[in-house]
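Okay, so here's the structure we're looking at.
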Amino acid sequence: MPVKRRVLVADDQRAIQQGLHALLNLLPGVEWIGEASNGRDAVSMAIAERADVVLMDVQMPVMDGLEATRLIKAQRPEVKVIVLTLHGDYRSEALAAGADEFLVKGGRPECLRHAICSP
């Protein structure tokens, strides 16, 4: 039986949350575990829900995705954080914060699937 990847979506835009939820439901071996609309909630949910993967937006209220990434990686370094944003110029900052992958929204779904499912 394949291992399920427990995925949390952290994005403050409801339409993005819903779209990612729909996409994740189509991927075998992926379990959507919830959504956070700010960085602070993303950190607490990633820890409490034992996420394997977090899809993290950069620009969110309360705490941005870069700080949330730093905190998640400090507490649970095994969590795969995939920064998914509209702004390609955050790549170096995201990787410096500990992100495992960096993708720009609007890219091919296969790239996202690969990022989520690869070890």
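Note that the numbering runs from 1 along the sequence shown for the chain. The model shown is predicted, which means the values in this text are computed figures rather than measured ones.
Contact record, Val30 with Cys117: CG2-SG, 4.0 Å, taken as the closest heavy-atom pair. For the pair Leu103 and Ala115, the tightest heavy-atom approach, listed with the atom from each and the gap, is CD1-CB, 4.0 Å. The two residues Val83 and Ala94 have their closest heavy-atom pair at CG2-CB, 3.8 Å. Between Ala46 and Val54, the closest heavy-atom pair is CB-CG2, 3.9 Å. Closest of all the heavy-atom pairs between Ala68 and Met56 is CB-CE, 3.7 Å. Of all heavy-atom pairs spanning Ser118 and Glu101, the tightest one is OG-OE2, 4.4 Å.
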Chi angles and distances behind the side-chain contact (heavy atoms from CB on, under 4.5 Å) call for Ile116, Leu24: CA-CA 10 Å; Ile116 292 169; Leu24 294 173; 3.5 Å; yes

Intermediate values then yes/no, side-chain contact (heavy atoms from CB on, under 4.5 Å), Ile72 and Val81: CA-CA 8 Å; Ile72 290 168; Val81 177; 4.2 Å; yes

Stepwise side-chain contact (heavy atoms from CB on, under 4.5 Å) test for Thr85 and Val104: CA-CA 5 Å; Thr85 183; Val104 176; 5.5 Å; no

Working for side-chain contact (heavy atoms from CB on, under 4.5 Å), residues Val53 and Leu8: CA-CA 6 Å; Val53 177; Leu8 171 69; over 6 Å; no

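Exactly one of Gln17, Gln18, Lys105 qualifies for a side chain to side chain donor-acceptor pair (under 3.5 Å) with Asp11. That residue is Lys105.
Identified under the ring pair (Phe, Tyr, Trp, His ring centres under 6.0 Å) test for residues 7-31, with sequence neighbours left out: His21-Trp32. Counting only residues at least two apart or in different chains, side chain to side chain donor-acceptor pair (under 3.5 Å) contacts with residues 89-98 comprise Gln59-Tyr90. Residue pairs meeting the ring pair (Phe, Tyr, Trp, His ring centres under 6.0 Å) criterion with at least one member in residues 96-119: none, sequence neighbours excluded. Screening residues 42-64 for ring pair (Phe, Tyr, Trp, His ring centres under 6.0 Å), with sequence neighbours left out, gives no hits.
At least one side-chain heavy atom of Arg14 sits under 4.5 Å from a side-chain heavy atom of Glu35.
Placement of Met60 and Leu84 in two distinct hydrophobic clusters is found when ILVMFWY residues are connected by side-chain heavy-atom separations under 4.5 Å, directly or transitively. Linking Ile, Leu, Val, Met, Phe, Trp and Tyr whenever their side-chain heavy atoms come within less than 4.5 Å puts Val79 and Met45 in one cluster. In this structure, Val7 is a member of the same hydrophobic cluster as Leu20, with clusters built from ILVMFWY side-chain heavy atoms closer than 4.5 Å.
Side-chain atoms of Arg6 come within 3.5 Å of backbone N or O of Glu49 as a donor-acceptor pair.
Atom-to-atom distance recorded for Asn38:CG and Asp41:CG is 4.0 Å, nearest 0.5 angstrom. Once rounded to the nearest 0.5 Å, the distance linking CD of Glu78 with CG of Asp100 reads 10.5 Å.
Under the side chain to side chain contact (heavy atoms under 4.5 Å, CB included) criterion, Glu67 pairs with Met63, Asp64, Arg70, Leu71, sequence neighbours left out. Looking at residues two or more places apart in sequence or on another chain, you find a side chain to side chain donor-acceptor pair (under 3.5 Å) between Arg108 and Glu110.
By the 4.0 Å N-to-carboxylate-O rule, Lys4 lies too far from Glu31 to be salt-bridged with it.
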